[in-house]
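Step one of this worksheet: look at the structure below.
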Amino acid sequence: MSLAILSALPEEQHGLQHLLTGAQSVRHAGRDFVCGQLHGRCVVLALTGIGKVAAATTAVAVIERFGAQQLLFTGVAGGVGAGVQVGDVVVAQQFLQHDMDVRPLFPRWQVPGYAAPTLGCDAAMAAGLLTAAMACVAQAAQWQEPLLAGSTPRAHVGLVASGDQFIVSAAVSGQITTDLQAAGHAPLAVEMEGAAIAQACADYGVPFAAVRTISDRADDSAHVDFPAFVQAVASRYALEIVQHWVRHG
């Protein structure tokens with residue numbers, strides 16, 4: 001079964017391309033796709049770029065052009081859930097678009113044409129990713145990485161909210177979280193691509209799962225923490241988690 005591994009930024013899948021055997025690069029739809037074998041699996045790697053439209057376009061491309069039968073997204077996110085800290089990992093169980101608002105035609109966050117505001121991830125894939133994430137954070141506790149500030153990383157599973165906005169304000173992230181919680185949704189993290197890929201995969205009937213390393217708390221320090229953390233920590237997490245999941249499912 002062919003697998004597409006997508007990320008928004010190069011650092012979020014750093015090192016994976018070098019592990020491929022028989023790697024071949026294909027230029028399509030304005031993007032570079034790298035096809036090859038990863039631990040015996042046929043895979044295609046691609047960078048979506050940032051934002052929901054770019055992510056959806058890339059998801060459709062790997063399904064239509066490269067025949068991907070599973071999609072996995074790896075990247076970073078801002079933590080907003082209680083107890084979700086920098087250095088933790090969130091495995092998505094569901095996605096929701098926090099900036100979708102078609103009121104009064106539809107309830108807030110409802111994507112027209114779909115049964116509910118949330119779109120679910122593949123349960124089996126998510127379970128395997130959670131196991132891989134737990135193994136990764138157990139190792140990370142021994143890394144003595146300064147950016148983890150001595151914390152003990154944890155793995156979480158739950159709702160992730162997507163929107164075309166890089167959240168760098170505690171007031172903004174707090175309002176998003178408060179509004180969603182009041183409606184019975186409890187997001188663990190916010191990011192910019194996952195819900196769009198989940199929607200595209202739902203349309204095509206392709207299993208999808210995502211794992212996000214928490215790079216910041218989506219607050220006033222997010223723009224300071226983000227670049228260094230992605231380079232030093234998130235890229236290493238991605239390599240460890242993806243390899244574990246590909247090997248063990």
Side-chain angles (χ1 to χ4, degrees), residues 1-77 91-92 94-97 99-100 111-114 118-122 124-126 128-129 160-166 191-213 230 234-235 238-239 241-243 245-246 249:
M1 179 180 290
S2 59
L3 166 69
I5 303 173
L6 306 180
S7 303
L9 303 173
E11 295 85 356
E12 294 172 328
Q13 56 176 237
H14 176 72
L16 286 175
Q17 183 173 336
H18 300 297
L19 295 176
L20 295 187
T21 58
Q24 293 185 325
S25 183
V26 178
R27 184 76 176 169
H28 175 70
R31 292 165 174 78
D32 292 315
F33 299 83
V34 181
C35 305
Q37 295 272 330
L38 178 63
H39 301 303
R41 288 286 306 271
C42 292
V43 302
V44 54
L45 305 179
L47 300 178
T48 64
I50 296 171
K52 291 186 294 181
V53 172
T57 300
T58 311
V60 170
V62 293
I63 294 170
E64 291 272 9
R65 172 67 174 78
F66 297 94
Q69 297 166 295
Q70 287 182 321
L71 266 71
L72 169 63
F73 195 97
T74 176
V76 296
V91 174
Q94 294 176 312
F95 277 100
L96 174 150
Q97 295 186 45
D99 57 353
M100 175 62 68
V111 180
Y114 295 81
T118 56
L119 289 166
C121 294
D122 182 79
M125 291 179 69
L129 280 177
V160 177
S162 305
D164 284 316
Q165 185 177 9
F166 182 60
E191 43 86 284
M192 300 180 66
E193 294 85 27
I197 300 177
Q199 184 174 338
C201 287
D203 289 346
Y204 279 90
V206 173
F208 167 62
V211 58
R212 292 285 193 169
T213 298
V230 172
S235 62
L239 193 61
I241 292 171
V242 170
Q243 286 197 89
W245 182 79
V246 169

Results of salt bridge (charged side-chain N to carboxylate O under 4.0 Å, His left out) for E191 - residues two or more places apart only = R212
Could you go through the side chain to side chain contact (heavy atoms under 4.5 Å, CB included) check for V111 and Q199 one step at a time?
-> CA-CA 9 Å; V111 180; Q199 184 174 338; 3.8 Å; yes
Side chain to side chain contact (heavy atoms under 4.5 Å, CB included) between L16 and L20, worked out = CA-CA 7 Å; L16 286 175; L20 295 187; over 6 Å; no
Qualifying ring pair (Phe, Tyr, Trp, His ring centres under 6.0 Å) pairs, either residue in residues 38-61, two or more places apart = none
For the side chain of T48 and the backbone of A55, is there at least one donor-acceptor N/O pair under 3.5 Å apart?
-> no
Residues two or more places apart in sequence or in another chain: which of them pass side chain to side chain donor-acceptor pair (under 3.5 Å) with T213?
-> none
Distance (rounded to the nearest 0.5 Å) between T118 OG1 and F95 CZ = 11.5 Å
So among R31, H28, E193, which one has a side-chain hydrogen bond (donor to acceptor under 3.5 Å, both in side chains) with T58?
-> R31
For Q17, all residues meeting side chain to side chain donor-acceptor pair (under 3.5 Å), sequence neighbours excluded | none
Should S7 and E12 be marked as a side chain to side chain donor-acceptor pair (under 3.5 Å) after you check the CA-CA gap, both sets of side-chain angles, and the distance that decides it?
-> CA-CA 6 Å; S7 303; E12 294 172 328; 4.8 Å; no
Contacts of D164 that satisfy salt bridge (charged side-chain N to carboxylate O under 4.0 Å, His left out) - sequence neighbours left out | none
Do any N or O atoms from the side chain of S2 and from the backbone of G67 form a donor-acceptor pair under 3.5 angstrom?
-> yes
Those residues that, when tested against D203, pass salt bridge (charged side-chain N to carboxylate O under 4.0 Å, His left out) (two or more places apart) | none
With side chain to side chain contact (heavy atoms under 4.5 Å, CB included) as the test, would you mind laying out the steps for F208 and D122 before giving the verdict?
-> CA-CA 6 Å; F208 167 62; D122 182 79; 5.9 Å; no
